[in-house]
Amino acid sequence: MTRKTGHTIVRVLGVTKSFRMGKVEVRALKGVDLEIFAGEYISIMGPSGSGKSTLFNMIGGLDKPSDGKVFIDEVDISQLDAYELAWLRNRKIGYIFQTFNLIPVMTALENVTLPMTFAGMNSEVAADKGIELLKLVGLGERFQHKPLELSGGQQQRVAVARSLANDPAIILADEPTGNLDLKTGEEIIDLLKTLSHDRGVTVISATHDYKMLNVSDRVVWIRDGRVDKVEHRAELDITVGGIGMESQEARPVGDQTAGSQSTGPNTTGEEGAGA
Ligand SMILES: Nc1ncnc2c1ncn2[C@@H]1O[C@H](COP(=O)(O)OP(=O)(O)OP(=O)(O)O)[C@@H](O)[C@H]1O
(Lines give C-alpha, C1' and ligand atoms only; values in the text may rest on other atoms or scores of the structure.)
Protein backbone atom coordinates (compact mmCIF):
# COMPACT_ATOMS: atom_id res chain seq x y z
CA MET A 1 0.00 0.00 0.00
CA THR A 2 2.74 2.41 0.96
CA ARG A 3 4.53 3.83 -2.02
CA LYS A 4 8.23 3.19 -1.54
CA THR A 5 9.86 6.49 -1.76
CA GLY A 6 13.25 8.13 -2.04
CA HIS A 7 15.96 9.49 0.16
CA THR A 8 15.38 11.27 3.46
CA ILE A 9 14.18 14.75 2.61
CA VAL A 10 13.16 15.96 6.08
CA ARG A 11 14.82 14.89 9.30
CA VAL A 12 13.62 16.30 12.61
CA LEU A 13 15.90 15.49 15.54
CA GLY A 14 14.98 16.13 19.16
CA VAL A 15 13.07 19.31 18.36
CA THR A 16 11.58 21.23 21.25
CA LYS A 17 9.80 24.57 21.12
CA SER A 18 8.72 26.72 24.01
CA PHE A 19 6.87 30.00 23.89
CA ARG A 20 7.14 32.45 26.76
CA MET A 21 3.99 34.42 27.52
CA GLY A 22 5.00 36.73 30.38
CA LYS A 23 5.77 34.38 33.24
CA VAL A 24 4.11 31.41 31.61
CA GLU A 25 6.10 29.05 29.44
CA VAL A 26 4.15 27.00 26.89
CA ARG A 27 6.01 23.88 25.77
CA ALA A 28 4.51 23.36 22.34
CA LEU A 29 6.96 20.64 21.22
CA LYS A 30 8.63 18.40 23.79
CA GLY A 31 11.14 16.45 21.71
CA VAL A 32 10.07 15.42 18.22
CA ASP A 33 11.99 12.98 16.02
CA LEU A 34 10.73 12.36 12.52
CA GLU A 35 12.07 11.19 9.17
CA ILE A 36 10.20 11.89 5.94
CA PHE A 37 11.20 10.42 2.58
CA ALA A 38 11.16 12.14 -0.80
CA GLY A 39 7.85 11.67 -2.59
CA GLU A 40 5.84 10.74 0.51
CA TYR A 41 2.43 12.18 1.28
CA ILE A 42 2.40 12.79 5.02
CA SER A 43 -0.46 14.02 7.18
CA ILE A 44 0.28 15.45 10.60
CA MET A 45 -2.79 14.97 12.73
CA GLY A 46 -3.68 15.47 16.37
CA PRO A 47 -5.93 17.38 18.73
CA SER A 48 -6.14 21.15 18.71
CA GLY A 49 -3.14 22.63 20.50
CA SER A 50 -1.06 19.45 20.23
CA GLY A 51 1.71 21.20 18.27
CA LYS A 52 0.96 20.47 14.60
CA SER A 53 1.34 24.02 13.31
CA THR A 54 4.41 24.56 15.47
CA LEU A 55 6.04 21.47 13.95
CA PHE A 56 4.95 22.64 10.48
CA ASN A 57 6.64 26.00 11.11
CA MET A 58 9.86 24.27 12.23
CA ILE A 59 9.98 22.05 9.12
CA GLY A 60 9.26 25.02 6.88
CA GLY A 61 11.97 27.19 8.40
CA LEU A 62 9.29 29.70 9.40
CA ASP A 63 10.33 29.52 13.06
CA LYS A 64 13.33 28.17 14.94
CA PRO A 65 13.35 25.29 17.45
CA SER A 66 14.27 26.05 21.06
CA ASP A 67 16.42 22.93 20.87
CA GLY A 68 17.08 20.16 18.37
CA LYS A 69 17.61 20.32 14.62
CA VAL A 70 15.72 20.22 11.35
CA PHE A 71 17.48 18.96 8.24
CA ILE A 72 16.08 19.57 4.75
CA ASP A 73 17.86 17.36 2.22
CA GLU A 74 20.43 16.70 4.97
CA VAL A 75 21.16 20.43 5.38
CA ASP A 76 20.88 21.62 8.97
CA ILE A 77 18.71 24.69 8.44
CA SER A 78 19.77 26.24 11.75
CA GLN A 79 23.21 26.70 10.19
CA LEU A 80 21.86 28.77 7.30
CA ASP A 81 22.13 32.55 7.34
CA ALA A 82 19.07 34.65 6.51
CA TYR A 83 19.90 34.75 2.80
CA GLU A 84 20.45 30.99 2.55
CA LEU A 85 17.29 30.26 4.49
CA ALA A 86 15.30 32.58 2.21
CA TRP A 87 16.78 30.75 -0.81
CA LEU A 88 15.82 27.37 0.64
CA ARG A 89 12.29 28.53 1.43
CA ASN A 90 11.88 30.01 -2.03
CA ARG A 91 13.31 27.09 -4.04
CA LYS A 92 12.86 23.92 -2.03
CA ILE A 93 9.54 24.43 -0.30
CA GLY A 94 6.09 25.49 -1.50
CA TYR A 95 3.66 26.69 1.17
CA ILE A 96 -0.12 26.37 1.26
CA PHE A 97 -2.16 27.87 4.10
CA GLN A 98 -5.70 27.52 5.36
CA THR A 99 -6.43 31.16 4.56
CA PHE A 100 -4.84 30.94 1.08
CA ASN A 101 -2.57 33.97 1.78
CA LEU A 102 -2.84 35.39 -1.72
CA ILE A 103 -2.02 39.04 -2.33
CA PRO A 104 -5.43 40.65 -2.94
CA VAL A 105 -4.31 43.42 -5.31
CA MET A 106 -2.53 40.97 -7.60
CA THR A 107 -4.09 38.76 -10.27
CA ALA A 108 -3.93 34.98 -10.01
CA LEU A 109 -1.05 34.99 -12.49
CA GLU A 110 0.86 37.68 -10.57
CA ASN A 111 0.43 35.73 -7.34
CA VAL A 112 1.80 32.60 -9.00
CA THR A 113 4.76 34.32 -10.68
CA LEU A 114 5.83 36.31 -7.61
CA PRO A 115 8.05 33.54 -6.15
CA MET A 116 9.60 33.10 -9.62
CA THR A 117 10.39 36.81 -9.77
CA PHE A 118 12.01 36.57 -6.32
CA ALA A 119 14.05 33.66 -7.68
CA GLY A 120 15.31 35.91 -10.50
CA MET A 121 13.34 34.38 -13.37
CA ASN A 122 12.79 36.45 -16.50
CA SER A 123 9.25 37.90 -16.43
CA GLU A 124 8.15 36.43 -19.77
CA VAL A 125 9.36 32.96 -18.85
CA ALA A 126 7.66 33.36 -15.47
CA ALA A 127 4.36 34.38 -17.10
CA ASP A 128 4.43 31.36 -19.42
CA LYS A 129 5.19 29.05 -16.54
CA GLY A 130 2.55 30.71 -14.37
CA ILE A 131 -0.13 30.10 -17.00
CA GLU A 132 0.96 26.47 -17.33
CA LEU A 133 0.67 26.04 -13.56
CA LEU A 134 -2.75 27.70 -13.50
CA LYS A 135 -3.86 25.34 -16.28
CA LEU A 136 -2.52 22.43 -14.23
CA VAL A 137 -4.81 23.38 -11.35
CA GLY A 138 -7.77 23.94 -13.68
CA LEU A 139 -7.68 27.74 -13.75
CA GLY A 140 -6.17 28.44 -17.14
CA GLU A 141 -9.05 30.78 -18.01
CA ARG A 142 -8.93 32.77 -14.79
CA PHE A 143 -5.37 34.03 -14.72
CA GLN A 144 -6.36 37.71 -14.84
CA HIS A 145 -8.76 37.45 -11.92
CA LYS A 146 -7.91 38.79 -8.49
CA PRO A 147 -8.44 36.62 -5.41
CA LEU A 148 -11.74 38.25 -4.41
CA GLU A 149 -13.14 37.45 -7.85
CA LEU A 150 -12.50 33.74 -7.22
CA SER A 151 -14.22 31.22 -4.95
CA GLY A 152 -12.42 29.83 -1.91
CA GLY A 153 -11.62 26.61 -3.74
CA GLN A 154 -10.31 28.54 -6.72
CA GLN A 155 -8.17 30.72 -4.46
CA GLN A 156 -6.70 27.61 -2.91
CA ARG A 157 -5.97 26.27 -6.41
CA VAL A 158 -4.07 29.49 -7.13
CA ALA A 159 -2.17 28.92 -3.88
CA VAL A 160 -1.37 25.36 -5.01
CA ALA A 161 -0.11 26.72 -8.35
CA ARG A 162 1.97 29.31 -6.48
CA SER A 163 3.42 26.61 -4.24
CA LEU A 164 4.77 24.92 -7.40
CA ALA A 165 6.31 28.09 -8.82
CA ASN A 166 9.93 27.10 -8.32
CA ASP A 167 9.49 23.32 -8.64
CA PRO A 168 9.88 22.64 -4.92
CA ALA A 169 10.82 19.25 -3.56
CA ILE A 170 8.39 19.74 -0.67
CA ILE A 171 4.91 21.20 -0.37
CA LEU A 172 3.95 22.17 3.16
CA ALA A 173 0.21 22.56 3.54
CA ASP A 174 -1.19 23.86 6.83
CA GLU A 175 -4.92 22.99 7.02
CA PRO A 176 -5.31 23.34 3.23
CA THR A 177 -8.97 22.31 3.35
CA GLY A 178 -9.84 24.09 6.60
CA ASN A 179 -11.80 26.91 4.91
CA LEU A 180 -13.37 24.79 2.18
CA ASP A 181 -16.59 22.82 1.95
CA LEU A 182 -16.57 19.03 1.65
CA LYS A 183 -16.51 18.79 -2.12
CA THR A 184 -14.03 21.59 -2.68
CA GLY A 185 -11.81 20.18 0.05
CA GLU A 186 -11.85 16.81 -1.69
CA GLU A 187 -10.84 18.46 -4.95
CA ILE A 188 -7.86 20.15 -3.32
CA ILE A 189 -6.82 16.87 -1.65
CA ASP A 190 -7.07 15.07 -5.02
CA LEU A 191 -5.01 17.80 -6.62
CA LEU A 192 -2.28 17.52 -3.98
CA LYS A 193 -2.27 13.74 -4.32
CA THR A 194 -1.95 13.97 -8.10
CA LEU A 195 0.93 16.42 -7.77
CA SER A 196 2.64 14.19 -5.27
CA HIS A 197 2.18 11.17 -7.51
CA ASP A 198 2.95 12.74 -10.90
CA ARG A 199 5.71 15.13 -9.88
CA GLY A 200 7.22 13.20 -6.99
CA VAL A 201 6.69 16.19 -4.69
CA THR A 202 6.78 15.42 -0.98
CA VAL A 203 3.52 16.68 0.56
CA ILE A 204 3.42 17.35 4.29
CA SER A 205 0.09 18.56 5.58
CA ALA A 206 -0.93 19.53 9.10
CA THR A 207 -4.63 18.83 9.16
CA HIS A 208 -7.79 18.02 11.07
CA ASP A 209 -9.41 16.70 7.91
CA TYR A 210 -9.92 12.95 8.00
CA LYS A 211 -10.51 12.93 4.23
CA MET A 212 -6.77 13.46 3.99
CA LEU A 213 -6.18 9.97 5.38
CA ASN A 214 -7.41 8.45 2.12
CA VAL A 215 -4.40 9.77 0.26
CA SER A 216 -1.67 9.78 2.91
CA ASP A 217 1.23 7.34 2.75
CA ARG A 218 1.82 7.86 6.47
CA VAL A 219 0.06 9.71 9.25
CA VAL A 220 2.05 11.30 12.06
CA TRP A 221 -0.11 11.57 15.16
CA ILE A 222 0.94 14.39 17.47
CA ARG A 223 -0.21 14.47 21.04
CA ASP A 224 0.81 16.99 23.67
CA GLY A 225 3.93 18.12 21.82
CA ARG A 226 5.21 14.65 21.01
CA VAL A 227 4.89 12.13 18.20
CA ASP A 228 2.37 9.69 19.59
CA LYS A 229 2.66 7.25 16.69
CA VAL A 230 3.39 7.09 12.98
CA GLU A 231 1.10 4.87 10.97
CA HIS A 232 1.23 3.70 7.38
CA ARG A 233 -1.97 4.12 5.44
CA ALA A 234 -2.62 0.38 5.47
CA GLU A 235 -2.33 0.26 9.27
CA LEU A 236 -4.98 2.88 9.94
CA ASP A 237 -7.94 1.57 11.84
CA ILE A 238 -10.63 4.03 10.96
CA THR A 239 -14.05 3.40 12.30
CA VAL A 240 -17.22 5.26 13.06
CA GLY A 241 -16.26 5.20 16.72
CA GLY A 242 -13.02 7.04 16.03
CA ILE A 243 -9.49 6.38 14.97
CA GLY A 244 -8.02 3.26 16.47
CA MET A 245 -10.98 2.91 18.82
CA GLU A 246 -13.29 -0.01 19.08
CA SER A 247 -16.44 0.39 17.13
CA GLN A 248 -19.47 -1.74 16.67
CA GLU A 249 -19.90 -0.54 13.13
CA ALA A 250 -16.63 -0.13 11.32
CA ARG A 251 -16.74 1.70 8.01
CA PRO A 252 -13.86 2.60 5.75
CA VAL A 253 -12.61 6.14 5.28
CA GLY A 254 -14.47 7.86 2.50
CA ASP A 255 -17.79 6.23 3.36
CA GLN A 256 -19.87 9.39 3.48
CA THR A 257 -22.40 7.83 5.81
CA ALA A 258 -19.71 7.79 8.49
CA GLY A 259 -19.60 11.58 8.39
CA SER A 260 -23.21 11.79 9.53
CA GLN A 261 -22.43 10.06 12.82
CA SER A 262 -21.86 12.56 15.57
CA THR A 263 -19.19 10.37 17.13
CA GLY A 264 -17.42 9.63 13.87
CA PRO A 265 -14.33 11.12 12.36
CA ASN A 266 -14.82 14.46 10.68
CA THR A 267 -15.31 13.92 6.99
CA THR A 268 -16.79 17.34 6.42
CA GLY A 269 -13.52 19.21 6.58
CA GLU A 270 -15.18 21.84 8.77
CA GLU A 271 -13.44 21.02 12.01
CA GLY A 272 -10.21 22.36 10.55
CA ALA A 273 -11.39 25.90 11.15
CA GLY A 274 -9.84 25.68 14.60
CA ALA A 275 -6.29 26.09 13.31
N1 LIG B 1 3.33 32.14 18.98
C2 LIG B 1 2.90 31.49 20.05
N3 LIG B 1 2.97 32.05 21.26
C4 LIG B 1 2.55 31.37 22.36
N5 LIG B 1 2.04 30.13 22.35
C6 LIG B 1 1.95 29.54 21.17
C7 LIG B 1 2.37 30.16 19.96
N8 LIG B 1 2.16 29.30 18.94
C9 LIG B 1 1.63 28.18 19.48
N10 LIG B 1 1.51 28.32 20.82
C11 LIG B 1 1.00 27.31 21.75
O12 LIG B 1 1.64 26.09 21.45
C13 LIG B 1 0.73 25.00 21.55
C14 LIG B 1 0.68 24.26 20.23
O15 LIG B 1 0.07 25.11 19.28
P16 LIG B 1 -0.11 24.70 17.75
O17 LIG B 1 -0.69 25.89 17.04
O18 LIG B 1 1.16 24.16 17.24
O19 LIG B 1 -1.18 23.54 17.86
P20 LIG B 1 -2.02 22.82 16.72
O21 LIG B 1 -1.92 21.37 16.99
O22 LIG B 1 -1.58 23.30 15.38
O23 LIG B 1 -3.47 23.33 17.04
P24 LIG B 1 -4.72 23.57 16.09
O25 LIG B 1 -5.10 22.23 15.58
O26 LIG B 1 -5.74 24.18 16.99
O27 LIG B 1 -4.26 24.51 15.01
C28 LIG B 1 -0.59 25.60 21.99
O29 LIG B 1 -0.68 25.50 23.40
C30 LIG B 1 -0.48 27.05 21.57
O31 LIG B 1 -1.25 27.89 22.38
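We count ligands from 1, going down the list as the structure has it; atoms in each ligand are counted the same way.
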Is it the side chain, the backbone, both or neither of Val26 that has a heavy atom closer than 4.0 Å to ligand 1? side chain
Enumerated ligand 1 atoms positioned under 4.0 Å from heavy atoms of Ala28: 12 (O), 13 (C), 14 (C)
Does Ala206 have a heavy atom less than 4.0 Å from any atom of ligand 1? no
Write down the atom of Ile171, the atom of Ser163, and the distance for their closest heavy-atom approach. CD1-OG, 3.6 Å
With heavy-atom distances below 4.5 Å as the criterion, would you say the side chains of Asp217 and His232 are in contact? no
Would you mind listing which atoms of ligand 1 come within a distance below 4.0 Å of any non-hydrogen atom of Pro47? 21 (O)
Short side-chain to backbone donor-acceptor contact, Lys17 and Leu55, under 3.5 Å: no
Check contact between His208 and ligand 1, using heavy atoms of the residue and a distance below 4.0 angstrom. yes
Check: Gly49 N/O within less than 3.5 Å of ligand 1 N/O: yes
Side-chain heavy atoms of Leu192 within contact of Ile96, under 4.5 Å: yes
Ile222 vs Val227 side-chain heavy atoms within contact, under 4.5 Å: yes
Which label fits Tyr210 and Trp221: parallel for a plane angle under 30°, tilted from 30 to 60°, or perpendicular past 60°? tilted
Under 4.0 Å from one or more heavy atoms of Lys52, ligand 1 contributes atoms 18 (O), 19 (O), 20 (P), 21 (O), 22 (O), 23 (O), 24 (P), 25 (O)
